[in-house]
Amino acid sequence: MISLPAVTAEETSLPDGSVQFHANIEPLVRFLEETPRSKLLERVAERIRGGLSYRDLLAATLLAGIRNVQPRPAVGFKFHCVLVIYSAHQASMASPNDQRWLPLLWAVDYFKRSQAQDLSEGNWTMAAVDDSRVPSGRASLRQLRRSLDQWDVDGADVAAAGAARNLSTGRLLDTFARYGSRDYRNIGHKAIYVAGAFRTLEVIGPEHAEPVMRSLSYALLNHSGEPNPAESDLMPDRDGRENDERVERISAGWLAGKRDDDAAAELLTALRSESSGGACDLVVEMIQRGIHPSSVYDGLFLAASELVTRQPAIVPLHCVTTTNAMHYLFRSVTDDRLRRWILLQNTAFVTRLRDSAKDRDKLPDRPIDRLAATDSDGDAPSVESIFAEVRKDRAAAAGKMLAYLQSGGSVHALMQQARECVFLKGDDSHDYKFSSAVLEDYSQIGPAWRDRYLAGCSYLLRGDSEADTKLAMQARSLGV
């Protein structure tokens, strides 16, 4: 139960026409919106001590971001206060009890930062849906798909509301996974939002689906500064259209293949230079010769980690987080053809992100399959010695981490230290998004490759040499 004073209907009404949430969560959302940032963490801590549940605070933080922060002109930037919610939750769930509130308290504070930025940029607010235009039953899904195909924002908004009222989240996921993966805009943030939104709904409950689906439809139709993509041949849309044809070459029984570490290495090599079309053709050929898609994903994960070592910066980081999101969609959708198509789209996105990184800066050769493990005076490194090097000497940290893992070191201890460094040193949404993706995907990768993947990704983890943030010190002092 939420420990809150009674609130009248008049107090919860929103005269400006903004969307209003369920009565059990609306007062808490308003509390987050209206409390000044300088006082919010202390007041949230008081409510936690008074009985405020983790689940309700998670839901309210997500919904506050959805109502107050516009996912435009790009699905990213200030909208990360929404995109990061599930990553913060993952960090919380994997933490010791005495640290479990820290990631969520960070997300609450981050919402206030984003809210202030949105206010300075025009104070966008999600409006209430026009109920007179909301379609019912199966017509809602047909209209939603038609509107998303035509990049029709108004039509998709009311259709998304209708679909949320009439369909299961599983049916909704198949639709939104398709449109979140169809175009290379916003360096993968659309797929990241779809995956994070549906995963968060699994925690907070389907009763909150309607505003989330409306927000998703608005975000996925972002194509700032371009003509209507439905009526144009634009680069970000070409891979999706070509893969709609390419996917027909993958025959039934494609999931009956065998895992093959050599195939993963073959794909990794190709992804260093191959075009998006060439890489997708190779994946089709590999699947057709009996390679299991898990080995294809090993190659994609490795290519993402290697890109991080070649350029420890924002675009390679999103190669990791986008692949994490699309892998979740690949595993979760129910439509077999859609699953094959997402696999090809993920392949194309990795090549596009590589090229986007190359456009920004140099990409030195650092083959992750030849990363050397380094020890310390003949002894396996300790977790402490690894994180003493993280962010200070990236190559040294990666070599030590690989040596530690290959010598049988505790991956649990390593991951726990990585999370604690994010809690204490992290000051950006990407610290949570990246670390949560990396630590989750470690277990998804084949044993032959997972240690190299994690060692490569250490280039963008947080380390012990960095100072604790003021927010982390404040959160810990609150004793929640």
Side-chain angles (χ1 to χ4, degrees), residues 16-19 33 61-87 107 110-127 129 147-158 160 176 179-197 211-240 313-319 321-322 325-326 349 352-353 355-357 359-360 428-430 432-434:
D16 59 1
S18 302
V19 64
E33 292 171 338
T61 308
L62 173 72
L63 296 174
I66 282 174
R67 182 156 72 192
N68 291 273
V69 182
Q70 182 174 204
R72 304 214 175 182
V75 187
F77 298 101
K78 63 184 181 294
F79 197 67
H80 273 103
C81 70
V82 173
L83 300 178
V84 77
I85 292 294
Y86 189 75
S87 298
Y110 194 71
F111 157 69
K112 296 302 290 186
R113 271 198 269 177
S114 297
Q115 182 189 29
Q117 184 178 346
D118 189 86
L119 181 62
S120 71
E121 295 176 0
N123 196 22
W124 177 89
T125 307
M126 177 185 277
V129 71
S147 297
L148 291 171
D149 282 337
Q150 296 302 314
W151 296 74
D152 173 7
V153 173
D154 292 337
D157 181 54
V158 293
F176 282 101
Y179 293 100
S181 305
R182 71 171 165 179
D183 63 292
Y184 182 68
R185 291 181 177 86
N186 308 129
I187 56 173
H189 281 124
K190 293 183 180 183
I192 290 168
Y193 187 19
V194 173
V212 176
M213 296 307 111
R214 292 181 60 210
S215 177
L216 274 173
S217 70
Y218 184 54
L220 299 188
L221 294 181
N222 181 14
H223 62 101
S224 300
E226 298 175 330
N228 188 335
E231 301 167 356
S232 311
D233 180 25
L234 304 174
M235 183 281 286
D237 308 297
R238 288 177 193 149
D239 291 325
I314 196 68
V315 173
L317 180 151
H318 282 93
C319 196
T321 55
T322 297
M326 295 183 82
F349 274 39
R352 296 292 184 184
L353 285 156
D355 291 344
S356 294
D359 289 343
R360 292 193 174 206
D428 186 86
S429 62
H430 296 101
Y432 283 91
K433 286 172 57 190
F434 179 76

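Along the sequence shown, residues carry numbers from 1.
Residues T125 and S18 come closest through the heavy atom pair CG2-OG, 3.1 Å. Of all non-hydrogen atoms in L234 and P227, the two that sit nearest each other are CD1-O, 4.0 Å. Here the closest heavy-atom approach between residue Y218 and residue P71 is recorded as CD2-CG, 3.6 Å. Taking both residues in full, the closest heavy atoms of P73 and S224 are given as O-OG, 2.9 Å, listed atom of the first, atom of the second, then distance. Pairing each heavy atom of V194 with each of G180, the nearest pair is CG2-CA, 3.9 Å. Nearest heavy atoms, E33 versus K112: O-NZ, 2.9 Å.
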*Decide yes or no on side chain to side chain contact (heavy atoms under 4.5 Å, CB included) for V69 and W124, but give the supporting numbers first.*
CA-CA 7 Å; V69 182; W124 177 89; 5.7 Å; no
*Decide side chain to side chain contact (heavy atoms under 4.5 Å, CB included) for L317 and T321; before the verdict, give the C-alpha distance in whole Å, the side-chain angles of both, and the deciding distance to 0.1 Å.*
CA-CA 7 Å; L317 180 151; T321 55; 4.2 Å; yes
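In this view, Y193 and S215 satisfy the side-chain hydrogen bond (donor to acceptor under 3.5 Å, both in side chains) rule, not counting sequence neighbours. For Y110, the ring pair (Phe, Tyr, Trp, His ring centres under 6.0 Å) criterion is met by W106, not counting sequence neighbours. Every residue meeting the side-chain hydrogen bond (donor to acceptor under 3.5 Å, both in side chains) condition with D239, not counting sequence neighbours, appears here in chain and number order: S276, R352. Checked against side chain to side chain contact (heavy atoms under 4.5 Å, CB included), D157 has the following partners two or more places apart in sequence or in another chain: V129, R214. Residues meeting the side chain to side chain contact (heavy atoms under 4.5 Å, CB included) test with S147, sequence neighbours left out: Q143, D152, A156. Residues satisfying the ring pair (Phe, Tyr, Trp, His ring centres under 6.0 Å) criterion with Y179, sequence neighbours excluded, are absent altogether. By the ring pair (Phe, Tyr, Trp, His ring centres under 6.0 Å) test, H223 pairs with W151, sequence neighbours left out. Taking S217 as the reference, nothing meets the side-chain hydrogen bond (donor to acceptor under 3.5 Å, both in side chains) condition, with sequence neighbours excluded. The side chain to side chain contact (heavy atoms under 4.5 Å, CB included) test applied to I314 returns H318, R360, H430, not counting sequence neighbours. Judged as a ring pair (Phe, Tyr, Trp, His ring centres under 6.0 Å), and not counting sequence neighbours, the contacts of Y184 are F349. D233 meets the side chain to side chain contact (heavy atoms under 4.5 Å, CB included) test with R238, R241; sequence neighbours excluded. The salt bridge (Lys or Arg N to Asp or Glu O under 4.0 Å) test applied to K78 returns E121, not counting sequence neighbours.
Of the possible donor and acceptor atoms, one in the side chain of K190 sits under 3.5 Å from a partner among the backbone N and O of N222. At least one donor-acceptor pair closer than 3.5 Å links the side chain of N228 to the backbone N or O of Q150. Within the 3.5 Å criterion, the main-chain N or O of S429 finds no donor-acceptor partner in the side chain of H80.
To the nearest 0.5 Å, atom CG of residue N123 and atom CG of residue N68 are 7.5 Å apart. Atom OG of residue S120 and atom CD of residue Q115 lie 11.0 Å apart, to the nearest 0.5 angstrom. In this structure, the separation between CZ on F111 and CD1 on I85 is 9.5 Å, given to the nearest 0.5 Å. The structure places NZ of K433 at 4.5 Å from CD1 of I192, a figure rounded to the nearest 0.5 Å.
A heavy-atom distance below 4.5 Å is found between the side chains of L221 and R72. Residues M326 and S181 have side chains in contact (heavy-atom distance under 4.5 Å, counting atoms from C-beta outward). Contact annotation: the side chain of L63 approaches that of P211 to within less than 4.5 Å [non-hydrogen atoms, C-beta and beyond]. Inter-residue side-chain proximity for D237 and R185 is flagged as met; some heavy-atom pair is nearer than 4.5 Å. Between V212 and L62, the closest side-chain pair of non-hydrogen atoms falls below 4.5 Å. Within the 4.5 Å cutoff, the side chain of T322 has no heavy atoms near those of the I187 side chain. Looking only at side-chain heavy atoms (C-beta outward), F79 and Q70 stay at 4.5 Å or farther from each other.
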